[in-house]
Asker: 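One structure is given below, represented as structure tokens, and several questions about it will come after.
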Amino acid sequence: MTTPVAEIWNAIQAELRRDVTETTYDLWLAPLRPASFEGDVLVVEAPGAIRGWVADRFAELLDRAAATVIGPGARVELAGDASRPPQTARRGRSRDTTPSEPPSPPGAEREALHPKFTFDSFILGDTNRFAHAAALAVAELPAQAYNPLFLYGPPGVGKTHLLHSIGNYVRVNGAGASVLCTTAEAFTNAFLGALHGGNVDRFKERFRGVDVLLIDDVQFLESKARTEEEFFHTFNALHDAGSQVVLTSDRLPGDLAALEERLRERFESGLVADIRPPDLATRMTVLRKRVHHDGIELADDQALDVIAQRIDTNMRALEGALIRIVAYHSLTGRPIDAALADEVLTGLYPSTGGSSRAPRAAVPPTVERIQAATCELFGLTRDELLSTSRAQRVAWPRQLAMYLAREHTSHSLPAIARAFGGRNHTTVLHACKRASERLADDPDASDTVRTLAERIHADRPD
């Protein structure tokens, strides 16, 4: 069994994973380790090579995650080795520090493959079996089976896992074939950096001189004309040279409306495979594997039933719920059983009546449904909810609706922001933080969340 401070850190890690890309998390946040926890301060050790960069770029994110898990006022301090004093994360860059390129951890040049993401560790189910088979075929026969391979599905269902599984398999069994795994965001940043630094030829050599190119979250290329142009030519160069291209996205190629048609056509020219949210059997397998791996002691196996029945959106939310329950057990000393799981999840993931093991409604909640339920409960129009008004009668319901959208849908932060009048994703983060703080101290607010959650998961809208 892990220590209490480790369990708290696990919960914070789950929050961090929701707010950054997998690559960003693996490079800069995964190396952090919890050291101590006293009062409202969690001391986290960071390797010296990345400590300053993490404090500079991820200070607010770390503090927000700590406040969400521990409570309002909680903060993170970064510490290096024993000879260096802790550094408060929220201080950020000092005024006399000149911005520079981030340090390069091992493998950063090629966006290091996640060693745990392999085909052996991927949990198969009816909703991902086809995508898994396609990915394995590509890994075994790059550029001969399906080229390109386009994997799509909502966040947290295993697209990145399969992408890295292909890369890890080729690295081991590909007879020296070169692999480059990155994200569309990193591709964009590298391209812009090459333009400004006059290193376009080096950029082209890096991305066009590989045998297997793996690109995660390709929807990030939308509305970036110059980057789209470069990626189009990169794709063609690789395809013509007989190199394998694998892409992931949260939408079908045809639904990437802001992407150039010729690029969408390239994406559709190979095999398009979807990954749907996990079914009940897969969710139970995921939970049992996590319990075994972490050495979690269950007082009642039905605790897993409660989690699996309540949360059917994605793997990330499923594991996050388990971490919440383990953290609550650590802080209160209560056994991990069905009653504790039901209490921790009620309000965030309510049942639809009957026993806590009853399955939720088949109709998944949407941002629009959450907005409609919020407007009805607070007596607002949709235009008022999406307006820029900061009046309390509008601001609190808007924050609550954003919070529920983040907790109960698989939409990314930018997607939620767009659904709320084209706002920035940082606005959604701020709203979620304010809502979490109020829910921690205000029983009436918690009752309101419970009421709204029950409505958006009902068989039919009220």
Side-chain angles (χ1 to χ4, degrees), residues 21-23 25-27 30-31 104-153 156-184 186-187 190 204-218 231 234-249 266-267 269-275 278 282 285-286 289-290 292-293 315:
T21 65
E22 289 288 346
T23 301
Y25 179 84
D26 291 340
L27 289 178
S104 298
E109 172 66 19
R110 289 184 174 253
E111 302 293 344
L113 292 165
H114 197 304
K116 294 182 180 179
F117 286 171
T118 66
F119 288 112
D120 289 339
S121 64
F122 188 83
I123 297 177
L124 274 173
D126 291 340
T127 60
N128 60 29
R129 198 176 305 277
F130 177 67
H132 174 273
L136 182 57
V138 164
E140 292 175 334
L141 296 171
Q144 298 182 48
Y146 312 109
N147 196 21
L149 173 62
F150 190 100
L151 303 174
Y152 79 95
V157 294
K159 301 187 301 297
T160 299
H161 191 138
L162 283 181
L163 195 74
H164 285 246
S165 296
I166 294 172
N168 283 315
Y169 187 97
V170 173
R171 284 274 176 88
V172 174
N173 304 291
S178 57
V179 179
L180 173 53
C181 181
T182 188
T183 65
F187 179 91
K204 291 180 178 179
E205 181 182 354
R206 177 190 176 197
F207 282 93
R208 300 184 189 184
V210 295
D211 298 308
V212 179
L213 178 64
L214 310 171
I215 300 287
D216 208 2
D217 294 325
V218 76
F231 190 79
T234 297
F235 181 97
N236 287 341
L238 289 167
H239 198 271
D240 292 345
S243 297
Q244 175 72 51
V245 179
V246 184
L247 312 159
T248 75
S249 172
R266 293 296 190 279
F267 294 167
S269 64
L271 177 65
V272 178
D274 73 315
I275 306 180
T282 304
T285 301
V286 169
K289 185 173 181 178
R290 183 63 186 265
H292 175 75
H293 180 270
M315 306 287 196

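Quick note: residue numbers are just sequence positions, from 1.
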Asker: Can you name the side-chain contact (heavy atoms from CB on, under 4.5 Å) partners of Ser165, sequence neighbours left out?
Answerer: Phe119, His161
Asker: What is the ring orientation for Tyr152 with Phe150, classed by angle as parallel under 30°, tilted 30 to 60°, or perpendicular over 60°?
Answerer: tilted
Asker: Pair Thr182, Ile215 - check side chain to side chain contact (heavy atoms under 4.5 Å, CB included), show working.
Answerer: CA-CA 5 Å; Thr182 188; Ile215 300 287; 3.4 Å; yes
Asker: With side chain to side chain contact (heavy atoms under 4.5 Å, CB included) as the criterion, how do Leu163 and Cys181 come out once you've worked through the C-alpha distance, each side chain's angles and the decisive distance to 0.1 Å?
Answerer: CA-CA 8 Å; Leu163 195 74; Cys181 181; 4.2 Å; yes
Asker: Quick one: side-chain contact (heavy atoms from CB on, under 4.5 Å) partners of Lys289, sequence neighbours excluded?
Answerer: Ser121, Ile123
Asker: Any idea how His239 and Phe235 line up, ring-wise: parallel (<30°), tilted (30 to 60°), or perpendicular (>60°)?
Answerer: parallel
Asker: Around atom OH of Tyr146, are there more than 12 heavy atoms from other residues, nucleotides or ligands closer than 6.0 Å?
Answerer: no
Asker: Hey, could you give me each pair passing salt bridge (Lys or Arg N to Asp or Glu O under 4.0 Å) that has a residue in residues 124-144? Not counting sequence neighbours.
Answerer: Asp126-Arg129
Asker: What pairs with Arg266 under side chain to side chain donor-acceptor pair (under 3.5 Å), at least two apart in sequence or on another chain?
Answerer: Asn236
Asker: Mind running side chain to side chain contact (heavy atoms under 4.5 Å, CB included) on Arg206 and Leu180 for me, showing each step along the way?
Answerer: CA-CA 9 Å; Arg206 177 190 176 197; Leu180 173 53; 4.3 Å; yes
Asker: List the residues meeting side-chain contact (heavy atoms from CB on, under 4.5 Å) with Pro31, not counting sequence neighbours, and say none if there are none.
Answerer: Pro47, Ile50
Asker: Applying side-chain contact (heavy atoms from CB on, under 4.5 Å), name anything that partners Asp211, two or more places apart in sequence or on another chain.
Answerer: Ala177, Ser178
Asker: Answer whether the closest heavy-atom distance between the side chains of Leu271 and Phe130 falls below 4.5 Å.
Answerer: yes
Asker: For a quick check under 3.5 Å, do Asp217 and Thr183 share a side-chain donor-acceptor pair by atom type?
Answerer: no
Asker: Is Asn147 close to Val245 at the side-chain level, that is, under 4.5 Å between some pair of heavy atoms?
Answerer: yes
Asker: Rounded to the nearest 0.5 Å, how far does OG1 of Thr160 lie from CG of Leu214?
Answerer: 11.0 Å
Asker: Does the His164 side chain pair with the main chain of Phe117, one donor and one acceptor, at a distance under 3.5 Å?
Answerer: no
Asker: Give a yes or no on whether the backbone of Pro278 and the side-chain of Asn128 come within a donor-acceptor separation of less than 3.5 Å.
Answerer: no
